[in-house]
Amino acid sequence: MADKEVADERQETIRHSMSHVMAEAVLEMFPDAQIAIGPAIENGFYYDFDLPRPLLTEDLDEITRRMKDIISQNKTFERKVVSRKEAAELFAGQKYKLELLDAIPEGEEVSIYNQGGFTDLCRGPHVKSTKELNKDAFKLLSIAGAYWRGKESNPMLTRIYGTAWSSPKELRVYLDHLEDIKKRDHRKLGQELDLFSLHEEAGPGLVYWHPRGAKIRLAIEDFWRNEHYKNGYDMVYTPHVGKSWLWETSGHLGFYKEGMYPPMKMDNTDYYVKPMNCPFHIMIYQNSKRSYKDLPLRWCELGTVYRYEKAGSLHGLMRVRGFTQDDAHLFVTPEQMDDEIIEVLRFSLFMLRSFGFTDIKAYLSTRPEHSVGEQERWDAATEALRRAIEKEGLAYQVDEGGGAFYGPKIDLKIKDAIGREWQLSTVQFDFNLPERFKLVFTDRDGEEKRPYMIHRALLGSIERFFGVLLEHYAGAFPPWLSPEQIRVVPVAENFFDYAKKLEMKFRQAGFRASADLSNDRMNAKIRASQMMKNPYTVIVGEKEETADQVSVRYRGGKQVNGIPTSEFVEEVRKAIDTKAQV
RNA sequence: GCCAAAGUGGCUCAGAGGUAGAGCAGCUCACUCGUAAUGAGCAGGUCCUCGGUUCGAUUCCGAGCUUUGGCUCCA
C-alpha cells in the first residue's frame, strides 16, 4: 500500500512536470500566449492557455515534437522562493498568473520553478530534471475549451489534455484502455446491436427504444416491478403534466425553472411537463386522511420526466432530456425512519448486485449552508443514513455540506467492468415538500404530525442505467437480459421447419428466441448471430432433427454438439434463473 | 450556454469550385451449403438548413440546427 502511494506520488510529479514541459513548448510556438494553470490529473495532465489563434489537431504534433526535444535536453527543474514583488515582476505580462499570485494567502511561501526556458509560478513538487521524464511515455490527447477557473462568466481558454506515464509500456496499457472504452461506448453498441436511437430532427436528448432494446428494458422493468412488490412497495401511475399551482407549491418554479420545459397554456393556466414525480405522489397522499397505521407508505413508479438539460451536456443515453426514473417515495413516521432507511439501502444493494455490480461505494452528503428544515430532523436523518451504511458494512465517504437544500442523502456508486465509477442509486430525505404541501398524518395520540418523506431511485434512470449496463457488459448481456437469448440457425433450407419448431418450443418455454430463415448461407447466419452477441446460437440439421437434439454455439465461440433439446432448455432456464453470465 | 471540431445514400467513410464514390446493409436472381461473410446484378443521395460570393457552390464565406470532445481536478 505504502509502495503504491509512493508510486502514485511519483506518477503525479511526472505528470505535473510534463505539463510544464508542454507549457514551454507552447510558449515556444506562441511567445505571446497567456498561461493559466497546468495540474496533474488522473492519468495525465492539462494546461490552459490563452492563445492568439485556435489550436488545430495538427498543432498537437508540433507541440509533441517540441516537448520531446525539451525532454531530451535534460533540463533541470529549479525551485526558488521569491517575494511577492519579485513574482509580480516576473509574471508582469501574465494576467492569469498575477491573479493566481493574488490568490495565494498572505504568509504562504511563493515559489517558482524554472526549467531553463520556462518559469512558472508553482507550488511543486517536480522531477529534478527532464531526464526523469520519458519522451516516449506521454501523448497529447485532445484540445478543449475551458473557462478560466471553471466559471461561465470568465473567458474561455484553450486546454490541452495529455496523458503521461513513467514507461512506454504503461502508456501503451493506458491507450489500450482508452480503445476498450471506445469499443464499449453505448452509443456505438446501441447502433451496432440495434438497441436504441436518438433523432436530432425529432428532438435532441430524447430516446427511441428499438425492439431489441425494448426487450432488455422490459426484462429490467419486469424484474424491478416484481422485486418492488416482494419488498413491500405499491405501484402508482401519475400524469405527465401539472398546473403551475403544483410546481409553485413544490417550489420547482422557484428553484428549478431553468431545468423545466417551458409551459403550455390551456384554459388560462400554465401547464408544465413534470421534471420530477414527487408532487404527484404527494397529491395521492393528500387524497385521504392518513393515519399512523397507514405508514409507512412506499409508492413506486417508473415515471418518465423531462428536463431541459443544457444542449452541450447531452450525451447518448447518459444525459438526456426525457428519461424514466425508477422512483419511489416513502412516507414514514419518525419512529419508522431508521428501519426504513436500512431496508431501502439493503434493497438497493440487492438490486445493483442482481445486475452484476458488486463493487459498490456509498457517499453520505450532509447539510449544506443554505437549506431548509429543523436541525433536529437533519441530525436524526443524517444519523439514520449513517447507521444504515454501517449496518451494511459499506465503504463510504462523507461529503460535508454536499446534501440537497431539502435534506441529507446517500448516493451509491458502482464500479463497472473496466473500473469506471457511476452513480446510480440515491436515497434522499426531503424536509421541504412535506412542509410546503403541509403533509400530515394522525398519530396515535390524535395529534396531526408531519411525516418524513424519502425519495429514492435505485437504478437512477432507466435510460442511463441501460447505458451503464451496456458498457459494463460491452453488449454481451447475461441471458436473463439478452434481447435474443437463442437464435436457431438451420444448416440448410430442408431444416427450416425443424428450426421453426424449435423457435416455437423455446418461446413456449418462455425464452426470447428466433429462427434465421433468411436465404443466407449457414456460415453467414452464424456470423450474424455472433455479431449480435446472442448468448446461444443453436445450429440444427439432419442429425439434430432425427435425434431431437441441438448443437450449440455459445457466445464465446465454444461448441457443444448433440445436446438433447430438453436438456438444453433446462440449461438455458437455469442460466436465466440464476442470472448467470455465459 | 461557452470553446473547438464535425455533419456526404440505412450504417461506416472517401472525394473535388463544373450538380458525387466505396464497403456493409437493402432488393432481385442463381446457389441449399455442418460452426464468423456464396456469387452476380439492381436500386438508393436536395452532399444538415437558410442566406451570401461566383457564370456555376455540396465544396468558399456567414448564420442557424445537430453531433462529438471539453468547460470538476487549482500556482
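Below, chains carry the letters A, B, ... as their sequence lines are ordered, and counting in each starts from 1.
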With a non-hydrogen cut-off below 4.0 angstrom, is Gly541(A) in contact with a base, only sugar-phosphate, or nothing?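 Counting heavy atoms under 4.0 Å across all strands, the contact made by Gly541(A) includes a base.
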inquiry  = With a 4.0 Å cutoff (strictly under), does any side-chain N or O of Tyr554(A) reach OP1 or OP2 of A36(B)?
reply    =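 Checking Tyr554(A) against A36(B): no side-chain N or O falls below 4.0 Å of OP1 or OP2.
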P atoms of G69(B) and U53(B), separation to the nearest Å
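So the two P atoms sit 37 Å from each other.
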Q) Between U58(B) and G39(B), how far is it from one C1' atom to the other, in whole Å? A)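 Each nucleotide's C1' atom is 36 Å from the other's.
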- What integer number of Å spans the P atoms of A40(B) and U49(B)?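 Approximately 35 Å lies between the P atom of A40(B) and that of U49(B).
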Practice prompt. Check every strand shown and say whether Glu109(A) touches a base, only sugar-phosphate, or nothing at a heavy-atom separation below 4.0 Å.
Written response: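 Base, at least one base heavy atom under 4.0 Å.
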Query raised in the report: Looking across every strand, which nucleic acid part, if any, lies under 4.0 Å from Glu108(A) by heavy atom: base, sugar-phosphate, or nothing?
Result: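 The answer is base, as Glu108(A) lies within the cut-off (heavy atoms under 4.0 Å) of a base atom.
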Which of the following nucleotides, G1(B), A30(B), G34(B), is nearest to the side chain of Val491(A)?
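So the nucleotide nearest the side chain must be G34(B).
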#### Entry: Candidates U32(B), U35(B), G1(B) - which lies nearest the side chain of Ser551(A)
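Nearest nucleotide to the side chain: U35(B).
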- request: Using only heavy-atom distances, decide whether a donor-acceptor pair under 3.5 angstrom links the side-chain of Gln559(A) to the base of G34(B).
  value: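 No pair found.
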query = At under 4.0 Å between heavy atoms, what does Asn561(A) touch on the DNA or RNA strands: base, sugar-phosphate, or nothing?
reply =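 Base contact.
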- Item | C74(B) phosphate, OP1 or OP2, under 4.0 Å from His16(A) side-chain N/O |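 For C74(B), OP1/OP2 do not have a side-chain N/O of His16(A) under 4.0 Å.
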- Select base, sugar-phosphate, or nothing to describe what Glu192(A) touches, counting heavy atoms under 4.0 Å on all strands.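 No contact at all - Glu192(A) keeps every heavy atom at 4.0 Å or more from the nucleic acid.
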Same-atom distance (P) from C33(B) to G15(B), integer angstrom:
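Per the computed distance, 44 Å lies between those P atoms.
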Next item on the list: Pick base, sugar-phosphate or nothing for Gly316(A), based on heavy-atom distances below 4.0 Å to the nucleic acid.
Entry: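 Result for Gly316(A) = sugar-phosphate.
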- Please work out if Lys525(A) contacts a base, only the sugar-phosphate, or nothing of the nucleic acid, heavy-atom cut-off 4.0 Å.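 The answer is nothing, as Lys525(A) stays clear of every strand by at least 4.0 Å.
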Arg172(A) to Trp165(A), cation-pi by 6.0 Å centre distance and 45° axis angle: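 No, Arg172(A) does not lie over the aromatic ring of Trp165(A).
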| query | Contact class for Arg555(A) (heavy atom, under 4.0 Å): base, sugar-phosphate, or nothing? | reply |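 The answer is nothing, as Arg555(A) stays clear of every strand by at least 4.0 Å.
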Does Arg521(A) contact A37(B) through a side-chain donor or acceptor facing the base, at a distance under 3.5 Å?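 A donor-acceptor contact between them is absent.
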Practice prompt. Determine the Euclidean distance between corresponding P atoms of C42(B) and C3(B); express it in Å to zero decimal places.
Written response: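 Looking at atom P only, C3(B) and C42(B) are 49 Å apart.
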Quick one: does Tyr308(A) reach the base of G1(B) with a side-chain donor-acceptor pair under 3.5 Å?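 Answer no: no donor N or O sits under 3.5 Å from an acceptor.
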(Q) Taking only side-chain N and O atoms of Arg149(A), does any of them lie within less than 4.0 angstrom of OP1 or OP2 on C74(B)? (A)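 False: Arg149(A) side-chain N/O out of range (4.0 Å or more) of C74(B) OP1/OP2.
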Notebook entry, point to check: Across the strands shown, which category fits Val110(A) at heavy-atom distances under 4.0 angstrom: base, sugar-phosphate, nothing?
Noted result: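 Here Val110(A) touches the bases of the nucleic acid.
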- prompt: Is the backbone N or O of Gly38(A) less than 3.5 Å from a side-chain atom of Ser19(A), with the two atoms forming a donor-acceptor pair by type?
  reply: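 Yes: the side chain of Ser19(A) pairs with the backbone of Gly38(A).
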With no hydrogens and no angle check, is any side-chain donor or acceptor of Lys525(A) less than 3.5 Å from a backbone partner on Asp516(A)?
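A pair under 3.5 Å: yes.
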If we ignore hydrogens and angles and just use 3.5 Å, is the side chain of Thr366(A) paired with the main-chain N or O of Gly401(A) as donor and acceptor?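 Yes: the side chain of Thr366(A) pairs with the backbone of Gly401(A).
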ask   = For Glu544(A), which contact category applies under a 4.0 Å heavy-atom criterion: base, sugar-phosphate, or nothing?
value =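 Base contact - Glu544(A) has a heavy atom under 4.0 Å of at least one base atom.
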**Request:** May I ask you to say what Arg123(A) touches in the nucleic acid, namely base, sugar-phosphate or nothing, with a heavy-atom cut-off under 4.0 Å?
**Result:**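 Base: the residue Arg123(A), judged by heavy atoms under 4.0 Å, touches a nucleobase.
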| message | I'd like the C1' distance from G18(B) over to G44(B), given in whole Å. | response |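 These two C1' atoms come out 24 Å apart once rounded.
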Sidechain-backbone polar pair: His16(A) side chain, His126(A) backbone, donor-acceptor under 3.5 Å:
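Here the side-chain-to-backbone pair does not exist.
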Task: Pairwise P distance, C29(B) and G34(B) [rounded to whole Å] - done: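 These two P atoms come out 24 Å apart once rounded.
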Contact summary for Phe138(A) and Asn134(A), nearest pair of heavy atoms:
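Heavy atoms only, the tightest pair is CD2-O, 4.0 Å.
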request  = Pick the P atom in C48(B) and in U8(B), then give their distance to the nearest Å.
outcome  =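 To the nearest whole Å, 6 Å.
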